[in-house]
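When a ligand or atom number is given, it counts from 1 through the structure's own listing order.
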Amino acid sequence: MRILVINCGSSSIKYKLYGVELGDCLAEGIIEGIGAPGARHRHRVGDWETAVEASVTDYRSGVSCIVEALSEWGPVPPVGDSREIVGVGHRVVHGGERFSASVIIDPGVLETIQSLDSLAPLHNPANRAGIEAAGDLLAGAPGVAVFDTAFFSTLPERAFRYAVPAKWWRRHGVRRYGFHGISHRFLVERASRVLGRPRPNLVTFHLGAGASACAVRDGRAVDTSMGMTPLEGLVMGTRSGDIDPAVVFHLMEEGLSAPEIRRGLEREGGLLGLSGISSDFRSLSQATRAGEPAAALAVEVFCHRIRRYLGAFLALAAPCDGVVFSGGIGENSPDVRRRVLEGLDSLGLALDPSRNEGEGERRISTDQSPIAAWVIPTDEEALIARDTVRLVVGGQV
Ligand code: ADP
């Protein structure tokens, strides 16, 4: 029996195939550039990898390519074989107030996800397209929706309400939801194991192209940096994160249109906006080493914002057991972790510089540090697979 995990992004589909019994990832891949000429499909089985140009015009043809690749290059046997795909787990970005846990997808669930399109216009329609395509192409395998917002259903009202007129909340649904919940939940579950605490108090950071922080008490989310949309909070690749809302009125009065401002905040802000060079952290690190002052400033603002949230969330998670770094930047940049954690001994956080330079999952604070700091590589697909098995087969990956 196999479990397929599908993650439809705004222009890509990532997938991983798991064996129910083994827990290992058997095959994985990505299709990038959906709808654009020259879409690329990379497929990997063990150490063997192939990359081909694929004519993928939409999510349906993308999922069809994936199913073909899995049967052509393995390891999915024909329908009827006992090792066929028995469940498909889908990442769904927005579950609104309706979904506080993963669910088996039926027409009612799909309709509710559709009703939330306006809250995640780039993501939920793509997620639905993937669900519908897999439902048609793998008709015997039930789909499971795993929501990025669900982990934040435990936020207390004092954390999810904005201090705006109450009717905006009641009539227009203006509140904070939080995102990256699949990753933060994975980190909390993993941290609980490595720290040996069943319900830890934590501050978790997912630092990738998108970036967010989460404050956790007794294993549950009590606050997060992202808000009604994934624009709030930390500085991201192209997203500004927090700004004074009055900046928007000021720019409108200066003659900028609403779409121009939106583009600036969502696609032309963040590391890209600050540096004018790139949204990619590795490129900015290189540019910084080459002496580009704007790249250096972008990295400084990025780290300063993380440190600010760390201070705030340590207070919410007190007494805090651990701080966790994850995501492409959080896992791979010792420099970012050093800038965020150095000089915090008086708060109970003592970084071990040599552990910080290592690789993979590990403790990076000293053994004496009252609050442990860890790097934990995130694995959202593994968590989606786990929920899918639980709901479809009733077992554990
Ligand atoms: P996504 O949110 O798209 O999944 P990732 O979690 O893969 O993104 O993170 C992408 C970011 O991680 C990019 O800014 C990339 O430059 C950065 N990154 C990847 N590897 C490294 C590295 N070795 N050092 C610093 N940054 C890195």
Could you check whether atom CZ of Arg362 has more than 12 heavy atoms from other residues, nucleotides or ligands sitting under 6.0 Å from it?
yes
Protein residue, atom and distance nearest to atom 14 (O) of ligand 1, heavy-atom basis:
Phe281 N, 2.9 Å
Identify the closest protein heavy atom to atom 6 (O) of ligand 1: which residue and atom is it, and at what distance?
Gly328 N, 2.9 Å
Aromatic ring proximity, centroids under 6.0 angstrom, Phe179 and His94:
yes
Between Arg239 and Gly210, what is the shortest heavy-atom contact and its length?
NH2-CA, 3.8 Å
Determine whether the aromatic ring centres of residues Phe302 and Phe281 are separated by less than 6.0 angstrom.
yes
Heavy-atom proximity to atom 9 (O) of ligand 1, picking from Gly9, Ser278, Gly208, Gly237, points to Gly208
Counting only heavy atoms, tell me which of Ala209, Ser12, Gly330 gets closest to atom 8 (O) of ligand 1.
Ala209
Tell me: protein heavy atom nearest atom 17 (C) of ligand 1, and distance?
Ile329 CG1, 3.6 Å
To check your reading of the model: name the closest protein heavy atom to atom 23 (N) of ligand 1, its residue, and the distance in Å.
Asn332 CB, 3.3 Å
Honestly, is Arg176 close enough over Phe160, meaning NZ or CZ under 6.0 Å from the six-membered ring centre and within 45° of the axis?
no
For the 3.5 Å polar cut-off, considering only N or O atoms, please tell me whether Arg282 and ligand 1 meet it.
yes
Can you establish whether the number of heavy atoms outside Glu157 located under 6.0 Å from its atom CD is more than 12?
yes
Does any non-hydrogen side-chain atom of His43 lie less than 4.5 Å from one of Glu49?
no
Could you identify the single nearest non-hydrogen protein atom to atom 13 (C) of ligand 1 and state the distance to 0.1 Å?
Asp280 OD1, 3.6 Å
Atom 4 (O) of ligand 1: the protein heavy-atom neighbour that sits closest, reported with distance to 0.1 Å:
Lys14 NZ, 3.9 Å
